Amino acid sequence: FQHLLNDHTETIANFTLSIPTRVPPPANGPRDTQEACISHNGLELYIAHMDLPGGHGGHDLWVHRRATLNSDWSEPINLGPHVNSPRSEVEPAISPNGLELYFRHFRSGSDLMVSIRKTHDDPWMPARPLGPEINDPNGKPLTPCLSSKGLELYFSAVRPDGHGKGDIWVTTRSSLDAPWGPALNLGPPINTHNNEACPSITADGLTLYFSATIESRGCGALDTWVTTRPTTDEYNWSVPVNLGPIVNSSTWDYGPTISTDGATLYFDSHRAGCYGPDDIWQVSRVPLADINGNGELDVEDLCILAQSQSSSAE
């Protein structure tokens, strides 16, 4: 069983993770590439690229498109001057309907912004800062993430009423046209006296990936973790689990974003083999099932799954 874990997959809760692969060019390139966000339909990948030709300066937000889920990513398309500026724009979060883009910028300090468009074929309108419930002048908000219905916005911030260096918070709204309400701290066991950031919520709202430096429990400087909750009606999150040494290296591994179908997890890494200082990597997330029909998820199920994957590869 441990041999399977070491050689093939990492088992986390009720799913396994394949060995990560670097997202191929042009999504990654010779310059710094970071903070990817996959669209709801899986056909757009929003990324912060640094100093690409045709950009506006520093990190800009770009989009890569593909015709199908099995197609290659296109060359990057700059999101234009209503989103990008001579300063840096990073950490994109696209809404489920594709009409709202949240991100962090450095035009006047560091605020979370939103730009909207009327249809997918329209250009992005001038970005505006989010309200004081999110852009607390003392909070340094960053790394936004939207729920699948667009009614929850998760982000990280350093606030006086938090638990440590940086916590994960959530704000909600009653409809897509309503304003965001007061931010709620997710509390322990997610938030600690350490630094927690980069939340990514699954489509069913029951699993949250995030990045953290948790002393004595991690693999490197910054790791990716996962936590779950029984229902979306509460914030009763489980004790976070480290994704392990297959995903988390001895350096920085952060910024997770999960595809809508839950099959692919994208994340940033400084690990060896990067094209530039920072690259986007991807890992397959395979749910475990009671394959042998004994009513339990056990070692035999994992062995069957590993054998099946090996046969498919041949």
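Basis for what follows: all heavy atoms, side chains included, without hydrogens, waters or symmetry-related copies. Because the structure is predicted, anything quoted here is derived from the model rather than measured.
- Here the side chain of Ser156 pairs no donor or acceptor atom with the backbone of Ala197 at under 3.5 angstrom.
- For the atom pair CG of Asp51 and OG of Ser88, the computed distance is 8.0 Å after rounding to the nearest 0.5 Å.
- A continuous path of hydrophobic side-chain contacts links Val114 to Leu146 [ILVMFWY only; heavy atoms under 4.5 Å].
- Counting only N and O atoms by type, the side chains of Ser175 and Asp177 include no donor and acceptor under 3.5 Å apart.
- The hydrophobic clustering, which links ILVMFWY residues whose side-chain heavy atoms are closer than 4.5 Å, places Met113 and Ile116 apart.
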Please step through side chain to side chain contact (heavy atoms under 4.5 Å, CB included) for the pair Val283 and Thr21, ending with a clear verdict. CA-CA 6 Å; Val283 62; Thr21 58; over 6 Å; no
Test side chain to side chain contact (heavy atoms under 4.5 Å, CB included) applied to Ile168 and Phe155, step by step: CA-CA 6 Å; Ile168 296 176; Phe155 65 98; over 6 Å; no
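- Judged by distance alone, the side chain of Thr227 and the main-chain N or O of Trp237 form no donor-acceptor pair under 3.5 Å.
- Environment of CG in Asp261: crowded, with over 12 heavy atoms of neighbouring residues, nucleotides or ligands closer than 6.0 Å.
- Side chains of Tyr266 and Val23 form a contact here, defined as non-hydrogen atoms less than 4.5 Å apart.
- Of all non-hydrogen atoms in Ala93 and Pro144, the two that sit nearest each other are CB-O, 3.4 Å.
- Interatomic distance, OG1 of Thr260 versus CD1 of Ile38, reported as 8.0 Å (0.5 Å rounding).
- Leu222 approaches Tyr254 most closely through the heavy-atom pair CD2-CB, 3.4 Å.
- Residues His163 and Pro188 form a side-chain contact, since some pair of their non-hydrogen atoms from C-beta on lies under 4.5 Å apart.
- A donor and an acceptor atom, one from each side chain of Asn185 and Asp161, are nowhere located under 3.5 Å apart.
- Thr257 contributes no side-chain N or O that, together with a main-chain N or O of Cys37, makes up a donor-acceptor pair within less than 3.5 Å.
- For Asn191 (side chain) and Asp167 (main-chain N/O), no donor-acceptor pair under 3.5 Å exists by modelled atom type.
- No path of Ile, Leu, Val, Met, Phe, Trp and Tyr side chains, each step under 4.5 Å between heavy atoms, connects Leu176 with Tyr102, placing them in separate hydrophobic clusters.
- The cationic atom of Arg65 (NZ for Lys, CZ for Arg) does not lie both less than 6.0 Å from the six-membered ring centre of Trp73 and within 45° of the ring axis.
- Looking at heavy atoms from C-beta onward, Asp268 lies out of side-chain contact with Thr33 at the 4.5 angstrom threshold.
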For Leu130 and Leu153, what are the C-alpha separation, side-chain angles and deciding distance, and is it a side chain to side chain contact (heavy atoms under 4.5 Å, CB included)? CA-CA 11 Å; Leu130 297 179; Leu153 178 66; 4.0 Å; yes
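- Side chain of Asp111 to main chain of Pro129: no donor-acceptor pair is present (N/O by atom type, distance under 3.5 Å, no hydrogens or angles).
- Ring geometry for Phe210 versus Trp225: interplanar angle under 30°, hence parallel rather than tilted (30 to 60°).
- Looking at Thr68 and Asn70, their side chains never bring a donor and an acceptor atom within 3.5 Å of each other.
- Between the side chain of Thr228 and the main chain of Thr207, no donor-acceptor pair closer than 3.5 Å is present.
- Residues Glu196 and Ser211 are not in side-chain contact: their nearest non-hydrogen atoms beyond the backbone lie 4.5 Å or more apart.
- Using a 30° and 60° split on the angle between ring planes, His49 and Trp62 fall in the perpendicular class, above 60°.
- Scanning both residues, Ile94 and Glu100, for their nearest heavy atoms gives CD1-O, 3.3 Å.
- The two residues Ser39 and Asn41 have their closest heavy-atom pair at OG-OD1, 2.7 Å.
- Within the model, atoms CG of Leu206 and CD1 of Ile201 stand 7.5 Å from one another, a figure rounded to the nearest 0.5 Å.
- Of the possible polar contacts, one joining the Arg229 side chain to the Glu234 backbone as a donor-acceptor pair under 3.5 Å is found.
- One finds the CG atom of Asp136 at 8.5 Å from the CH2 atom of Trp169 (value rounded to the nearest 0.5 Å).
- The CG atom of Leu99 sits 9.0 Å away from atom CG of Asp122, with the distance rounded to the nearest 0.5 Å.
- The closest side-chain donor-acceptor pair between Asp253 and Thr224, if any, does not fall under 3.5 angstrom.
- Interatomic distance, Leu61 CG to Trp124 CH2, rounded to the nearest 0.5 Å: 10.0 Å.
- Formation of a donor-acceptor pair under 3.5 Å by the Arg173 side chain with backbone atoms of Gly150 is found in this model.
- Checked for salt-bridge contact, Arg159 and Glu133 miss the test: no charged N lies under 4.0 Å from a carboxylate O.
- Side chain of Thr171 to backbone of Ala183: no donor-acceptor contact under 3.5 angstrom is found.
- Scanning for side chain to side chain donor-acceptor pair (under 3.5 Å) contacts around Asn97 gives Ser95, with sequence neighbours left out.
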With side chain to side chain contact (heavy atoms under 4.5 Å, CB included) as the test, would you mind laying out the steps for Leu243 and Val226 before giving the verdict? CA-CA 7 Å; Leu243 291 192; Val226 63; 3.7 Å; yes
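- Shortest non-hydrogen contact noted between His270 and Thr251 is CB-OG1, 3.4 Å.
- Between Ser269 and Ser249, the shortest heavy-atom contact is OG-OG, 4.3 Å.
- Counted by atom type alone, Gln34 and His59 present one or more donor-acceptor pairs between their side chains at under 3.5 Å.
- Remark: side-chain polar atoms of Ser200 are not paired, donor with acceptor, to backbone N or O of Tyr209 under 3.5 angstrom.
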